[in-house]
Amino acid sequence: MRTDYCGLIGRKHLGTDVKLYGWVHRRRDHGGVIFIDLRDREGIVQIVCDPDRPQTFATAEMLRNEFVVEVHGRVRERPQGTVNPGLPSGEIEVLAQHVEILNAAATPPFQLDDEHLSETVRLEHRVVDLRRPLMQRNLRLRYRVAMATRHFLDRHGFIDIETPMLTRSTPEGARDYLVPSRVHPGMFYALPQSPQLFKQMLMVAGFDRYYQIVKCFRDEDLRADRQPEFTQIDIETSFLDQNEIMALMEELMREVFRVAAGVELPQPFPRLAYREAMALYGSDKPDLRVPLQLTELTDAVRGVDFKVFRDAAELPDGRVAALRVPQGAGLTRKEIDELTEYVRIYGAKGLAYVKVNTVDSGAAGLQSPILKFLPEPVITTILERTGAAAGDLIFFGADRAKVVNEALGALRTKIGHERGLAQPGWRPLWVVDFPMFEWNDEENRWDAMHHPFTAPADGHDELLASDPRKAMAKAHDMVLNGWEIGGGSIRIHRQDIQQKVFRALGIDAGEAQAKFGFLLDALQYGAPPHGGIAFGLDRIVALLAGAESIRDIIAFPKTQRATCLLTQAPNRVDERQLRELHIRSRVPDAQAR
């Protein structure tokens, strides 16, 4: 058995004999004395092999990077002038008495200290990549976050209950991952997008405080903060109202950040209504580190000659808004063109702008190709509402509100960070007062903004039939530095309210029973008032680690094309397996990987 981990050997071990195991991080031959940096999960310790022990020295000469070795030796102080303050073990070294090679290693595909590796190379050789100190730190941070979560929830009476991985397909937003059944031909299980329905049934069953750190699966387009399989901290509780749940979950996050990473989050978290978040930031997950805000101009530009503004202002769901960039007038035409292409990603057709030279001269102090279409009173209103100053640049968005919000919201964040306007630190908030529904243009119907089991705000259940657009939900999202890290709500626990929501969504009684019958049946047996939240463990750890993608805090992630470069999944299976599952592939072999 090892005496201790390499990175934990220190002054307390001086003069003692130790047994260590690890990987050769680096071997240095200093003309008669060989130094080995031996590495394990806790760090590095320096091993000294001198020629006074011929067999040990001969073995040391054979060592190469990533060989797995066992070392017996005595801990001593490093000679004066050789202390390495960058290592926890930097004041000592181990004089080797015996070195044994437990396993040789091929030359690794890259050096572990190479900071310019492509992600493709890293994912293809993920096992070696995970040996890098950065990845070791990230996964240990993930462990600390999970353990801090468990300790907090255990103290507050929550119990860990597992829910099924093979369940029925239910419409919850994204596409399901389906698993064919061998024993039930033509039938499929679905991998859970979340344990939502099961945790509600656990509340009905009387387990009034449940949690689970659980894998969830969604077949959706991927990005930096999404994976096809991801990990949720799933929480549900009975007999607490929305404010009580939010206060408890806020306390959880403060403790997790403090215990796992020494980060102190502010108390209390500010709250922002959904409508206000969209109006000011164009996003329901605003990065409050960026001080820039959108300015509403829809009412001010109705009837102007500039057709882009006029048409947008006349749309039932249209919006015209401005984004002032302090001292942004120095942006070149090329830079503005690049930003115009950027907002096209979000559906914007263009990006009108005004450069402000002076504010006292009206249009004469401005530069823009759109000024000739705007009367002087409108220009004055724009300058006053945006608070423009000399040297500023004003960007405009004009389209359906959804397009304007997404385009200017993304532009706000991009410019804020690229121009150094973002403030340091941690800026959490709650976004509340969400609409119950959002309109689906493609299918000409209402969709649930969160899910069909979210309770309406007090007194809003009557609006479900008369005016669904005005119905608000008891939903709450926790946002941190521009990432949604948790989302939840108070659930519907009364069947009459649930039926009203289904009717608003165009789901008749038969369809509701077919899709959600097992939950609806459970609700009739004395369902308690309940609610909860699900936190994205991957996103929380990525934020704490300073990672740009959650792939860097997951041991074996998928690419943005949902493939695993290490195992080459997904892969073709042979015809016999398909026959057993009563499946025939319609993809020609030439198209298969």
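Fair warning: this is a prediction, and the values are worked out from it, not measured in the lab.
Proximity of a side-chain donor or acceptor of D234 to a complementary backbone N or O of Q212 within less than 3.5 Å is not detected. For T298 (side chain) and V320 (main-chain N/O), a donor-acceptor pair under 3.5 Å exists by modelled atom type. Formation of a donor-acceptor pair under 3.5 Å by the N405 side chain with backbone atoms of A401 is found in this model. Without hydrogens or angle criteria, R218 side chain to P228 main chain gives no donor-acceptor distance under 3.5 Å. Between the side chain of R491 and the backbone N or O of P529 there is no donor-acceptor pair closer than 3.5 Å. Q423 places no side-chain N or O within 3.5 Å of a backbone atom of V290 that could act as its donor or acceptor partner. Between the side chain of Q524 and the backbone N or O of D521, at least one donor-acceptor pair lies under 3.5 Å. Judged by distance alone, with hydrogens and angles left aside, the side-chain atoms of T237 form a donor-acceptor pair with the main-chain N or O of D208 at under 3.5 Å. Side chain of H493 to backbone of A527: no donor-acceptor contact under 3.5 angstrom is found.
Below 30°, between 30° and 60°, or above 60°: for W426 and F257 the angle between ring planes is above 60°, a perpendicular geometry.
Salt bridge D287/R412: absent, no basic N to carboxylate O contact under 4.0 Å. Between K558 and E229 a salt bridge is recorded (basic side-chain N to carboxylate O distance below 4.0 Å). D317 has no carboxylate O lying under 4.0 Å from a charged side-chain N of K402, or vice versa, which leaves the two without a salt bridge. In summary, D433 and R275 do not engage in a salt bridge, as defined by a charged side-chain N under 4.0 Å from a carboxylate O. Ion pairing of K349 with D399 is present here, as a side-chain N (NZ or NE/NH1/NH2) and a carboxylate O approach within less than 4.0 Å. In this structure, K307 pairs ionically with D311, as a charged nitrogen and a carboxylate oxygen lie closer than 4.0 Å. Between R142 and D538 there is a salt bridge, with a side-chain nitrogen of the basic residue lying less than 4.0 Å from a carboxylate oxygen of the acidic one. A salt bridge does not link R209 to E236: none of the charged side-chain nitrogens sits closer than 4.0 Å to a carboxylate oxygen.
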Should R155 and E255 be marked as a salt bridge (charged side-chain N to carboxylate O under 4.0 Å, His left out) after you check the CA-CA gap, both sets of side-chain angles, and the distance that decides it? CA-CA 12 Å; R155 287 201 320 273; E255 179 163 319; 2.8 Å; yes

With ring-ring contact (aromatic ring centres under 6.0 Å, His included) as the criterion, how do F453 and F516 come out once you've worked through the C-alpha distance, each side chain's angles and the decisive distance to 0.1 Å? CA-CA 10 Å; F453 312 105; F516 309 110; 5.1 Å; yes

Apply the test side-chain contact (heavy atoms from CB on, under 4.5 Å) to residues I415 and L339: give CA-CA distance (whole Å), side-chain angles for both, the deciding distance (0.1 Å), then the verdict. CA-CA 9 Å; I415 288 176; L339 293 175; 4.1 Å; yes

Check step by step if side-chain contact (heavy atoms from CB on, under 4.5 Å) holds for L411 and L351. CA-CA 10 Å; L411 184 65; L351 188 62; 4.0 Å; yes

Run L294 and V404 through side-chain contact (heavy atoms from CB on, under 4.5 Å) and show every step you take. CA-CA 10 Å; L294 308 188; V404 172; 5.6 Å; no

Determine whether I394 and V325 satisfy the following criterion, side-chain contact (heavy atoms from CB on, under 4.5 Å), listing intermediate values before the conclusion. CA-CA 6 Å; I394 304 172; V325 182; over 6 Å; no

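For D461, the salt bridge (Lys or Arg N to Asp or Glu O under 4.0 Å) partners two or more places apart in sequence, or in a different chain, are K500. For the side chain to side chain contact (heavy atoms under 4.5 Å, CB included) test, residues two or more places apart in sequence or in another chain that qualify with Q267 are R254. Applying the side-chain hydrogen bond (donor to acceptor under 3.5 Å, both in side chains) test to D467 and every residue at least two apart in sequence or in another chain returns nothing. For D447, the salt bridge (Lys or Arg N to Asp or Glu O under 4.0 Å) test picks out R445, with sequence neighbours left out. Every residue meeting the salt bridge (Lys or Arg N to Asp or Glu O under 4.0 Å) condition with E418, not counting sequence neighbours, appears here in chain and number order: K414. Checked against ring-ring contact (aromatic ring centres under 6.0 Å, His included), F309 has the following partners two or more places apart in sequence or in another chain: F306, F396.
Y274 and E276 share no side-chain donor-acceptor pair at under 3.5 Å. S194 and Q232 share no side-chain donor-acceptor pair at under 3.5 Å. N243 and R271 share a donor-acceptor pair across their side chains, judged by distance under 3.5 Å alone.
Using a 4.5 Å heavy-atom threshold, the side chains of L464 and M436 count as touching. Put simply, the side chain of Q227 reaches to within 4.5 Å of the side chain of R551, judged on heavy atoms.
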